[in-house]
Amino acid sequence: MAVTSEVFSLWYVPPPGSLQKVQETIQQLASRYSAPVFPAHMTLVGGIRAPEATVRRISEELVDTLEPVGGHITCVDYGSIYHQCVFLKVECTEELEFQYRLAQRKFSMDENVQYMPHISLLYSDIDQKERERLTSEQQEGSFDDMGRIGFDTIELWYTPPEDVSLGSWRRLESYSLKKK
């Protein structure tokens, strides 16, 4: 049965295997902090609130206009919210910014929100001191050799933010991005 009006996200997904080191880190940190494991990804836009059929239609229209993108990891950082606990910050290229703004417009989202491309390593509510410590630990050259990360797929996910276990999260669609 289709969800009628919930919360969805569009994720950039790299080719299989290209974020293996990141996925291994996600699994290790999840085990250490009793946190959920999730697929390595970079969110294009999250918090989409609309009926599922509408989100699917707009997503299909959007991805038809997008091309594969990428960026370099700039650092390991941390945030103050559960889903941005510790992450790899990705440079915000003109193309990433363009695609983000286009997605915001298509989904009628607040265009004052700044885009911060990142790849999360841990979803958790650990305290700030532990986030800082973990960020320093992960910064120790762990991801310096990754270079540019390319994303050739966008996935549509059902992502209710109140489900911190991620038990109800599920991938609904996968769209390949093509060079125009």
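Using a distance-only test at 3.5 Å, with no hydrogens or angles considered, a donor-acceptor pair links the side chain of Y82 to the main chain of V164. Judged purely by atom type and a 3.5 angstrom limit, T159 has no side-chain atom pairing as donor or acceptor with the backbone of G47. When atom types are taken as modelled, the side chain of S59 and the backbone of V55 share a donor-acceptor pair closer than 3.5 angstrom. Using a distance-only test at 3.5 Å, with no hydrogens or angles considered, a donor-acceptor pair links the side chain of S18 to the main chain of P15. At least one donor-acceptor pair closer than 3.5 Å links the side chain of S165 to the backbone N or O of G167.
T25 is linked by a side-chain contact (heavy atoms from CB on, under 4.5 Å) to L29, L121, Q138, F143, counting only residues two or more places apart in sequence or in another chain.
Expressed to the nearest 0.5 Å, how far OG of S80 lies from CZ of R131 amounts to 7.0 Å.
Taking a 4.5 Å side-chain heavy-atom cut-off between Ile, Leu, Val, Met, Phe, Trp and Tyr, the cluster of F87 extends to M116.
Between W11 and H41, the ring planes lie parallel to each other; the angle is under 30°, not in the 30° to 60° tilted range.
For E137 and R32, the salt-bridge test passes: some basic side-chain N is under 4.0 Å from an acidic carboxylate O. Between R57 and E60, no side-chain nitrogen of the basic residue sits less than 4.0 Å from a carboxylate oxygen of the acidic one, so the salt-bridge criterion is not met.
Side-chain contact between V113 and Q104 is present, with heavy atoms from C-beta onward closer than 4.5 Å. Side-chain contact between I119 and L19: present, with at least one pair of heavy atoms (C-beta onward) separated by less than 4.5 Å.
Between the side chains of Q99 and Y12, a donor-acceptor pair is found at a separation under 3.5 Å. Side-chain contact of Y175 with E155: a donor-acceptor pair under 3.5 Å is absent, judged by distance alone.
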Decide yes or no on side chain to side chain donor-acceptor pair (under 3.5 Å) for Q128 and E132, but give the supporting numbers first. CA-CA 6 Å; Q128 183 173 334; E132 291 171 3; 2.8 Å; yes
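The salt bridge (charged side-chain N to carboxylate O under 4.0 Å, His left out) analysis of residues 89-101, with sequence neighbours excluded, yields the pairs E97-R101.
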